[in-house]
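Notes follow once the structure below has been shown.
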Amino acid sequence: MDFPTTVVEVIKRRFEETNGCKEFGGCESEAMSPYYVMHLEDNLVEQMAECHLREYEQGIGIELGEKMRALRSSSAMTFNVLGNKRVNIIDSLLAPKGCYSINYEYQLPTLKGNPNKANLDARLTAENGNTVVYCEMKMAEWMLGWMKMLRVSYLDPDRYLIPREDALVFIDLFNSLVAGDPNWKGSRKTRFHRFDALQMAKHLLAIYSNLDRENCRAVKLVNCIWEVRETSLLAPYERKYETWLATERSEFLEFVRAARPVYDLFEKRGFDLTIDYMPVDRFLACLEKTDEQMQKLARYIL
């Protein structure tokens, strides 16, 4: 069994242990059908509220179709972890304690004339108005996905929605994240191997370009990553996984160092920016959940 199949097999076994046997199938790929539930509700901890259904329907990724029925779906994981309408943060490691409202598939423009907005998996807004937490959630993408390239438009200061001097800071950041010559379209490859630094930089740009929307003074961008603690479950690929995880974490730190000038931009505008990396089990531990919810959410803790 190859590495991708080993990963999805581990995900499926853990799902059945914690959520029971469900009806599987309904995927265009016959080989992957065993790793999709037939009915979306079987992949969710609770029924999704109408307001969130509309958010997912309007999202860029058409999440409510086949994609969200995948057992490895990061969209399903995002909703399952955060739930409906509001969440109570009980550990300040994630954000200041308190109740936060939730928006999913939160879209923000990045460049002039760019129809593709930044699509943040979730936005948490403190009810006291002091803090906003933007969440980028990854399940198996960091292991099984592929890196997109940086379009040349992100290196053109005239395309930015912010003053030119601020745009140049972001352009320096983007240039620091790519390697090699541009292809025939002018796009550049990232020099990162596991951590999706280009996506996180675009999220930072989107947040900064739309700070006028915010009433808070503390902004956090957190990358929540699904990790496997019991690596023997991935045999015979334990060493490969451990190497990739070490790379993912070290590249996050490298990204944060590269983004230091962006912190200064936020500070000049009166905003306290934090960029953080959290494994999903630690993220979950910061949230108030019932015993019943945690029994089902144990599917994400290995």
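Below, each value reflects all heavy atoms present in this structure, side chains not excepted, and no hydrogens, waters or symmetry copies. Numbers here are sequence positions counted from 1. Remember, it's a predicted structure, so these values are computed and weren't measured experimentally.
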**Any E17 side-chain heavy atom under 4.5 Å of R299 side chain** = no
Q) Any side-chain heavy atom of L94 within less than 4.5 Å of one from L287? A) yes
The reported gap from CD in Q47 to CD in E41 (rounded to nearest 0.5 angstrom) is 8.5 Å
Result block: side-chain N/O donor-acceptor pairs under 3.5 angstrom for residues 124-140, not counting sequence neighbours:
from, atom 1, to, atom 2, distance (Å)
T125, OG1, R123, NH1, 2.9
E127, OE2, R86, NE, 3.3
N128, OD1, N130, N, 2.9
Y134, OH, R123, NE, 3.3
Y134, OH, E214, OE2, 2.3
E136, OE1, H203, NE2, 2.9
E136, OE2, K138, NZ, 3.4
K138, NZ, Q199, OE1, 2.8

Answer yes if L150 and V152 sit in the same cluster of Ile, Leu, Val, Met, Phe, Trp and Tyr residues linked by side chain heavy atoms under 4.5 Å apart, and no otherwise. no
* Do the non-hydrogen side-chain atoms of R260 and Y263 ever get within less than 4.5 Å of each other? -> yes
| field | Enclosure of K240 NZ (heavy-atom neighbours >12, cutoff 6.0 Å) | value | yes
Judged by atom type as modelled, is there a donor-acceptor pair below 3.5 Å linking the side chain of E23 to the main-chain atoms of H39? no
Would you say that L297 contacts M294 through its side chain, given a criterion of any heavy-atom pair below 4.5 Å between the two side chains? yes
Problem - Residue R239 excluded, over 12 heavy atoms near CZ under 6.0 Å - result: no
Between P279 and R249, is there a side-chain heavy-atom distance shorter than 4.5 Å? yes
* Asked: Is any side-chain N of the basic residue among E57 and R54 closer than 4.0 Å to the acidic one's carboxylate O?
  -> no
Are Y154 and V178 close enough that some pair of their side-chain heavy atoms sits under 4.5 Å apart? no
Tightest non-hydrogen contact, residues L177 and A258, listed as CD2-CB, 4.4 Å
Test of understanding: clusters of I, L, V, M, F, W, Y form through side-chain heavy atoms closer than 4.5 Å, transitively. Do L111 and L168 belong to the same one? yes
Nearest heavy-atom contact between F192 and M147 is O-CE, 4.2 Å
* Asked: Side chains of E267 and L273: closer than 4.5 Å at any heavy-atom pair?
  -> no
Quick one: do K202 and D196 make a salt bridge, cutoff under 4.0 Å?
-> no
Quiz prompt | Check against side-chain contact (heavy atoms from CB on, under 4.5 Å), I89 and Y100 | solution = CA-CA 7 Å; I89 294 179; Y100 289 69; 3.4 Å; yes
- Is the count of non-hydrogen atoms from other residues, nucleotides or ligands lying under 6.0 Å from D2 atom CG greater than 12? yes
Judged by atom type as modelled, is there a donor-acceptor pair below 3.5 Å linking the side chain of R69 to the main-chain atoms of G26? yes
**Asked** What class does the angle between the rings of Y237 and F3 fall in, given that below 30° is parallel, 30 to 60° is tilted and above 60° is perpendicular?
**Response** perpendicular
Nearest heavy-atom contact between A206 and A118 is CB-CB, 3.5 Å
I'd like to know if the side chain of N43 reaches the main chain of A70, judged simply by a donor and an acceptor atom lying under 3.5 Å from each other, with no hydrogens or angles considered.
yes
- Please confirm whether the backbone N or O of L245 pairs with a side-chain atom of E227, one donor and one acceptor, at under 3.5 Å? no
Chi angles and distances behind the side-chain contact (heavy atoms from CB on, under 4.5 Å) call for F283, Y300:
CA-CA 11 Å; F283 190 101; Y300 299 117; over 6 Å; no
Do you reckon I11 sits in the same ILVMFWY cluster as M38, going by side-chain contacts under 4.5 Å, direct or chained? no
Practice task
Step through the shown structure and confirm whether more than 12 heavy atoms of other residues, nucleotides or ligands are within 6.0 Å of NZ on K148.
Solution key: no
The residue among Y241, W244, F252 that forms ring pair (Phe, Tyr, Trp, His ring centres under 6.0 Å) with W142 is Y241
Distance col, row T274:OG1 vs L221:CG, nearest 0.5 angstrom, shows 10.0 Å
NZ/NE/NH1/NH2 to OD/OE distance under 4.0 Å, D158 and R164: yes
Self-check item: Residue pair R14 / L233, side-chain heavy-atom distance below 4.5 Å
Solution: no
- prompt: Are L155 and M149 connected, step by step, through hydrophobic side chains (Ile, Leu, Val, Met, Phe, Trp, Tyr) whose heavy atoms are closer than 4.5 Å?
  reply: no
Taken to the nearest 0.5 Å, the spacing of D166 CG from I171 CD1 works out to 11.0 Å
Checking E46 against Q293 for the side-chain contact (heavy atoms from CB on, under 4.5 Å) test, could you report, in this order, the C-alpha distance in whole Å, the side-chain angles of both residues, the deciding distance, and whether it holds? CA-CA 8 Å; E46 58 186 314; Q293 288 171 328; 3.9 Å; yes
Is the backbone of I301 close enough, under 3.5 Å, to the side chain of D281 for a donor and an acceptor to pair up by distance? no
SG of C51 to CG of N84, rounded to nearest 0.5 Å, is 6.5 Å
Rounded to the nearest 0.5 Å, the CZ atom of F174 sits from the CG atom of L198 at a distance of 7.0 Å
| message | For F170 together with Y208, are the ring centres under 6.0 Å from each other? | response | yes
Do any N or O atoms from the side chain of D276 and from the backbone of V222 form a donor-acceptor pair under 3.5 angstrom?
no
When every non-hydrogen atom of F24 is compared with those of P34, the smallest separation belongs to CD2-O, 3.6 Å
| query | Got a salt bridge between E254 and R191, using NZ or NE/NH1/NH2 to carboxylate O under 4.0 Å? | reply | yes
Donor-acceptor under 3.5 Å (E248 side chain, M143 main chain): no
What do the steps show when you test D272 against V219 for side-chain contact (heavy atoms from CB on, under 4.5 Å), and what is the final call?
CA-CA 6 Å; D272 178 23; V219 176; over 6 Å; no
Next item on the list: State whether the side chain of K289 and the backbone N or O of V81 hold a donor-acceptor pair below 3.5 Å, judged by distance alone.
Entry: yes
Closest non-hydrogen atoms of R151 and N114, given as atom of the first, atom of the second and distance, are NH2-ND2, 3.1 Å
Does atom NZ (K189) have a neighbourhood of more than 12 heavy atoms from anything else shown, all under 6.0 Å?
no
Between K97 and I90 the two heavy atoms that sit nearest each other are CE-O, 3.3 Å
- prompt: Can any side-chain N or O of E288 pair as donor or acceptor with the backbone N or O of N88 at less than 3.5 Å?
  reply: no
Taken to the nearest 0.5 Å, the spacing of R13 CZ from L302 CG works out to 9.5 Å
| query | Between S176 and L173, is there a donor-acceptor pair closer than 3.5 Å when you use the side chain of the first and the backbone of the second? | reply | yes
